[in-house]
Amino acid sequence: MLILPMLIIKLFSRRKQSLLRRLLRFSYNFYSSLLNWINPYIKGSFGIDLLEGYPRTVSSIALSVIIGYGLLSLIHIRLRLWMAVVLVVHGLFIGREWDGINAPKDFQMGARIDE
């Protein structure tokens, strides 16, 4: 009797991981297309490359907060502090993991590094 709830929890946790991966890949692709489109203008005007290092992380956080706030405004939900923190962490993760997101083994939490 105790194994059945554990199997159900494992089944749903895998699904959540898959949904999280799809959300992060979608966000990466969307942010990448926006930043690739706007990067030549910013680089020409200010000399800042939005696709490298710290500017990429800051711009990913900004995109995450702006898009999240826009979507919440469309459905008439007020942006709360915890929602803003989630959006900032989401943008931070996308910006930091930019180069490894579309890799074959992306987002493998708990994978052994020494293999």
Side-chain angles (χ1 to χ4, degrees):
M1 292 303 277
L2 293 176
I3 192 122
L4 185 61
M6 291 174 57
L7 290 174
I8 292 172
I9 289 171
K10 278 194 166 199
L11 177 69
F12 284 114
S13 68
R14 286 184 186 162
R15 228 176 221 170
K16 288 179 185 175
Q17 287 178 349
S18 176
L19 178 65
L20 178 63
R21 286 183 187 179
R22 280 186 257 144
L23 174 68
L24 291 172
R25 281 191 187 121
F26 173 78
S27 298
Y28 164 77
N29 290 326
F30 187 65
Y31 295 176
S32 175
S33 64
L34 285 174
L35 291 178
N36 280 317
W37 175 67
I38 200 169
N39 190 43
Y41 303 110
I42 299 296
K43 196 171 187 178
S45 298
F46 303 106
I48 299 172
D49 187 9
L50 292 179
L51 301 175
E52 295 295 326
Y54 186 71
R56 177 183 63 209
T57 303
V58 171
S59 58
S60 294
I61 291 170
L63 281 173
S64 179
V65 171
I66 291 168
I67 292 169
Y69 180 73
L71 290 174
L72 289 172
S73 295
L74 284 175
I75 56 176
H76 303 291
I77 295 178
R78 191 170 156 228
L79 182 66
R80 307 239 185 249
L81 179 62
W82 69 268
M83 293 176 189
V85 169
V86 168
L87 291 172
V88 167
V89 169
H90 175 261
L92 180 67
F93 184 78
I94 296 294
R96 299 279 305 207
E97 297 298 322
W98 189 275
D99 296 326
I101 287 180
N102 279 335
K105 290 190 172 189
D106 55 350
F107 307 130
Q108 295 296 320
M109 299 295 184
R112 293 183 59 110
I113 296 175
D114 58 348
E115 292 182 5

State yes or no: do [X] and [Y] share one hydrophobic cluster built from I, L, V, M, F, W and Y residues joined by side-chain heavy-atom distances below 4.5 Å, directly or via other members?
X   : Y   : answer
M83 : V85 : no
I38 : I94 : yes
V89 : F30 : no
L34 : F93 : yes

Discussion item. Once side chain to side chain contact (heavy atoms under 4.5 Å, CB included) is applied, do any residues pair with F26, and if so which ones, sequence neighbours excluded?
Written reply: none
Worksheet entry | Pairs touching residues 38-53 that satisfy side chain to side chain donor-acceptor pair (under 3.5 Å), sequence neighbours left out | N39-D49
Worksheet entry | Pairs involving residues 70-96, ordered by first then second residue, that meet salt bridge (charged side-chain N to carboxylate O under 4.0 Å, His left out) (sequence neighbours left out) | none
Discussion item. Quick test of your reading: applying salt bridge (charged side-chain N to carboxylate O under 4.0 Å, His left out), list the pairs with at least one residue in residues 65-74, sequence neighbours left out, ordered by first then second residue.
Written reply: none
Report all side-chain donor-acceptor pairs from residues 54-75 shorter than 3.5 Å, counting only partners two or more places apart or in another chain.
residue: R56; atom: NE; partner: G95; partner atom: O; Å: 3.1
residue: R56; atom: NH1; partner: L51; partner atom: O; Å: 3.4
residue: T57; atom: OG1; partner: G53; partner atom: O; Å: 3.4
residue: S59; atom: OG; partner: P55; partner atom: O; Å: 2.8
residue: S59; atom: OG; partner: R56; partner atom: O; Å: 3.0
residue: S60; atom: OG; partner: R56; partner atom: O; Å: 2.9
residue: S64; atom: OG; partner: L87; partner atom: O; Å: 2.7
residue: S64; atom: OG; partner: H90; partner atom: ND1; Å: 3.2
residue: S73; atom: OG; partner: Y69; partner atom: O; Å: 2.9

Practice prompt. Give, for atom CG of L79 and atom CG of L81, the distance between the pair rounded to the nearest 0.5 Å.
Written response: 8.5 Å
